[in-house]
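Worksheet: one structure, shown below.
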Amino acid sequence: MYYGMVAVYYVMIVNILYFTIMILSYRNIGTIYRRSKYSNYNTLSGSELVPPVSLLVPAFNEELTISENVNCLLTLNYPTYEVIVINDGSSDNTVDVLIKEFRLKKMPNPEFRGTIDTQEIRGVYHNPDYPSLFVIDKENGGKADSLNAGINLSHYPLISSIDADSLLEKDALIRMARMYMENPEEMVAIGGDVRIANGCLIENGAVQKVSLPRKIWPMFQSIEYMKAFLGGRIGWSHMNGLIIVSGAFGLFRKDYVIAVGGYRGGYPGEDMNIIIKLHRYMLSHKIPYKVAFCPEAVCWTQAPDTYKIISNQRKRWGRGNLKNMIENRGMLFNPKYKVMGMITMPYNVLFETLNPYFRITGLLALVGYTLLDMTHWRILLTFFLLNFLSGYLLSVGAIILEEIAFRRYKKLSDLWKMLLFSALKFFGYHQLGVLWRVQGHIQYLQNNNSWGTMTRQSWSEESKTA
């Protein structure tokens with residue numbers, strides 16, 4: 001009976017913390033709305049005062065989408081930037097597609113400014129007709145290794161990491177730059193909002209019509225992402241306790257990324273690891289800093305649409321999370337690391353990394369007590385209903401934030417669909433997430449560092465399902 005009550009208290013504390021973070025998100029939504037609606041980004045996009053940025057695009061077997069993605073990146077509303085695509089030893093025709101599309105030639109003596117160790121570089125390709133585009137072809141070393149190679153070649157003081165399967169809105173980068181320019185001395189990293197592109201109409205490398213996914217797996221992820229980014233990261237950013245900037249789209253001060261040794265390779269979780277290293281470095285050196293989230297800077301990405309692919313992705317995330325927590329356990333409850341040490345890291349360990357085990361054992365304990373007549377079945381039912389209601393309200397809270405500040409989904413039917421799937425995800429999908437995380441932890445113990453296969457569709461094929 002004692003353990004069952006511990007599980008109940010654990011769930012209550014988790015939900016109290018979730019709602020606290022949600023409240024912080026609501027406290028900031030007015031500022032975000034005004035910044036999103038009334039800032040004159042067109043003026044900034046032509047200003048010489050905007051800092052130049054190097055866009056780093058790691059690519060592994062992305063032949064179906066890479067051409068459209070690069071064309072999209074070359075037409076952003078931003079004054080000075082470069083696009084560096086890093087082919088990470090692809091086994092398909094990723095490099096050949098880029099060479100043909102942009103008529104690239106191998107550079108005889110490319111200049112690498114950085115000194116971060118990476119896998120062997122086979123060559124760097126460029127075409128003066130596309131002066132802001134560079135393609136690095138290298139031996140396979142993983143996403144982190146690719147980003148480090150891009151940093152070594154990059155020309156500008158800011159770098160932005162972008163997934164090769166993602167499409168940026170035209171003003172996404174300038175919106176991030178505006179946030180950076182408000183406090184350039186302290187801003188070391190900014191994360192963008194990641195939205196699910198499945199179901200959207202995509203033409204010429206841009207999202208022309210926003211719609212919710214029609215397939216069930218991407219639809220669940222759309223709700224999940226909205227809750228995580230709008231309902232969570234806005235609040236964590238307010239406390240300067242953000243533990244991750246999504247690898248799909250983030251902006252960084254290059255000098256500090258180099259100071260912490262670049263991205264960590266060898267296994268997944270590099271996007272969380274780089275942020276933790278930046279927190280540690282800045283706090284250890286007593287340098288004022290800020291890691292922020294910019295929800296109006298939007299990146300659209302293809303979500304896994306089959307069970308096998310999404311399960312591999314979530315297991316990989318579980319491995320990365322566990323590894324990062326073990327590596328940085330010295331930060332736990334350490335006042336030296338302020339919000340990160342006293343709030344963010346303990347929260348992540350107790351309520352993210354260990355969450356599946358508390359939920360599974362707590363559920364088994366309550367069911368066992370009920371079967372043995374040690375507690376009444378109504379107590380078990382009440383516990384389930386309260387757990388469902390709290391989780392559902394958190395998802396609805398994120399949807400309300402979306403409706404207040406952005407309203408990207410225009411149709412009333414989309415709103416009803418989001419409300420419906422916010423409930424449905426607790427009947428199977430939520431439980432699968434627990435299972436996948438546990439399986440990821442098992443893979444970590446087995447030293448399984450595989451990335452898994454993510455099967456892409458071309459954007460034109462994706463749009464046909466919209």
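Being a predicted model, the structure only gives us computed values, none of them experimental. Values below: all heavy atoms of this structure, side chains included; hydrogens, waters and symmetry mates excluded. Sequential numbering from 1 along the given sequence is applied to the chain's residues.
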**Request:** Could you point out which residue of Arg316, Lys143, Arg264 forms a salt bridge (charged side-chain N to carboxylate O under 4.0 Å, His left out) with Glu270?
**Result:** Lys143

**Complete:** Here the gap from Ile162 atom CD1 to Leu55 atom CG, rounded to the nearest 0.5 Å, amounts to 4.5 Å

**Message:** Give me each pair satisfying ring-ring contact (aromatic ring centres under 6.0 Å, His included) with a member in residues 165-187, each pair once, sequence neighbours excluded.
**Reply:** none

**Message:** Quick check on Lys338: does its NZ atom have over 12 non-hydrogen neighbours (other residues, nucleotides or ligands) under 6.0 Å away?
**Reply:** no

**Message:** Is the ring pair Trp436/Tyr429 parallel, tilted or perpendicular, if the boundaries are 30 and 60 degrees?
**Reply:** perpendicular

**Message:** Filter on ring-ring contact (aromatic ring centres under 6.0 Å, His included), then keep only pairs touching residues 139-172, sequence neighbours left out; what's left?
**Reply:** Phe134-His155

**Prompt:** Where the side chain of Asn148 meets the backbone of Ile116, is there a donor-acceptor pair that is under 3.5 Å apart?
**Reply:** no

**Qualifying residues under ring-ring contact (aromatic ring centres under 6.0 Å, His included), relative to Tyr125, sequence neighbours excluded** = none

**Request:** Let me see the working for Ile326 and Tyr444 under side-chain contact (heavy atoms from CB on, under 4.5 Å), right down to the final yes or no.
**Result:** CA-CA 11 Å; Ile326 292 174; Tyr444 166 77; 3.5 Å; yes

**Message:** Under the rule for salt bridge (Lys or Arg N to Asp or Glu O under 4.0 Å), what residues qualify as partners of Glu82, not counting sequence neighbours?
**Reply:** none

**Request:** Given side-chain contact (heavy atoms from CB on, under 4.5 Å), test Lys315 with Asn448 step by step and report yes or no.
**Result:** CA-CA 10 Å; Lys315 293 172 193 175; Asn448 181 346; over 6 Å; no

**Message:** Please check: side-chain N/O of His126 versus main-chain N/O of Leu133, any donor-acceptor pairing under 3.5 Å?
**Reply:** yes

**Asked** Would Phe252 and Ile274 satisfy side-chain contact (heavy atoms from CB on, under 4.5 Å), going step by step from the backbone distance to the final call?
**Response** CA-CA 10 Å; Phe252 302 84; Ile274 191 67; 4.2 Å; yes

**Prompt:** Between the side chain of Asp137 and the main-chain N/O of Arg122, is any donor-acceptor distance below 3.5 Å?
**Reply:** no

**Fill in**
Of Asn328, Val260, Asn324, the one forming a side chain to side chain contact (heavy atoms under 4.5 Å, CB included) with Lys277 is Val260

**Asked** Looking only at heavy atoms, what is the nearest atom pair of Asp271 and Val245, with distance?
**Response** CB-O, 3.4 Å

**Prompt:** Can you check whether Asp92's main-chain N or O pairs, donor with acceptor, with Ser90's side chain at less than 3.5 Å?
**Reply:** no

**Message:** Donor-acceptor pair, distance only, cut-off 3.5 Å: does the side chain of Gln221 make one with the backbone of Pro304?
**Reply:** yes

**Item:** Which residues share a side-chain contact (heavy atoms from CB on, under 4.5 Å) with Ser25, sequence neighbours left out
**Value:** Ile234, Leu401

**Item:** Between CH2 on residue Trp217 and CG on residue Asp305, distance to nearest 0.5 Å
**Value:** 11.0 Å

**Complete:** The salt bridge (Lys or Arg N to Asp or Glu O under 4.0 Å) partners of Lys138 (sequence neighbours excluded) come to Asp88, Asp145

**Message:** Could you work out, with salt bridge (Lys or Arg N to Asp or Glu O under 4.0 Å) as the rule, every residue matching Arg280, not counting sequence neighbours?
**Reply:** none

**Request:** Please confirm whether the backbone N or O of Ile151 pairs with a side-chain atom of Ser154, one donor and one acceptor, at under 3.5 Å?
**Result:** yes

**Asked** What pairs of residues pass the side chain to side chain donor-acceptor pair (under 3.5 Å) test when at least one of them lies in residues 229-241, not counting sequence neighbours?
**Response** Asn28-His238

**Asked** Can any side-chain N or O of Lys417 pair as donor or acceptor with the backbone N or O of Pro213 at less than 3.5 Å?
**Response** yes

**Request:** Report yes or no: does Ser284 contribute a side-chain atom to a donor-acceptor pair with the main-chain N or O of Tyr281 at less than 3.5 Å?
**Result:** no

**Message:** For a quick check under 3.5 Å, do Asn61 and Ser91 share a side-chain donor-acceptor pair by atom type?
**Reply:** yes

Give the table of side-chain donor-acceptor pairs shorter than 3.5 Å for residues 181-196, with sequence neighbours excluded, one pair per line with atom names and distance.
unit_1, atom_1, unit_2, atom_2, d
Glu182, OE2, Arg178, NH1, 2.4
Asn183, ND2, Glu186, OE1, 3.3
Asp193, OD2, Arg195, NE, 2.8
Asp193, OD2, Arg195, NH2, 3.3
Arg195, NH1, Glu402, OE1, 3.1
Arg195, NH2, Glu402, OE1, 2.5

**Request:** Return the set of residues passing side-chain contact (heavy atoms from CB on, under 4.5 Å) with Leu393 (not counting sequence neighbours), or none when no residue passes.
**Result:** Phe19, Leu389

**Fill in**
NZ of Lys336 to CE of Met342, rounded to nearest 0.5 Å, is 14.5 Å

**Message:** Within this structure, what is the OG-OH distance for the pair Ser161 and Tyr263, rounded to the nearest 0.5 Å?
**Reply:** 4.0 Å

**Request:** Taking all heavy atoms of Ser132 and all of Leu74, pick out the closest pair and write down the distance.
**Result:** OG-CD2, 3.7 Å

**Request:** Mind listing the closest non-hydrogen atom pair of Glu63 and Thr94 along with its distance?
**Result:** N-OG1, 3.4 Å

**Prompt:** Taking C-beta and beyond as the side chain, do Phe249 and Leu173 meet within less than 4.5 Å on heavy atoms?
**Reply:** yes

**Item:** Partner residues of Glu352 under the side-chain contact (heavy atoms from CB on, under 4.5 Å) criterion, sequence neighbours left out
**Value:** Tyr18, Tyr347, Asn348, Arg437

**Request:** Report the C-alpha distance between Ser54 and Lys254 in whole Å, list the side-chain angles of each, state the deciding distance to 0.1 Å, and finish with yes or no for side chain to side chain donor-acceptor pair (under 3.5 Å).
**Result:** CA-CA 9 Å; Ser54 298; Lys254 184 170 72 171; 5.6 Å; no

**Between OG on residue Ser422 and CE on residue Met226, distance to nearest 0.5 Å** = 8.0 Å

**Asked** Partners of Phe388 by ring-ring contact (aromatic ring centres under 6.0 Å, His included), sequence neighbours excluded?
**Response** Tyr392, Phe426, Phe427

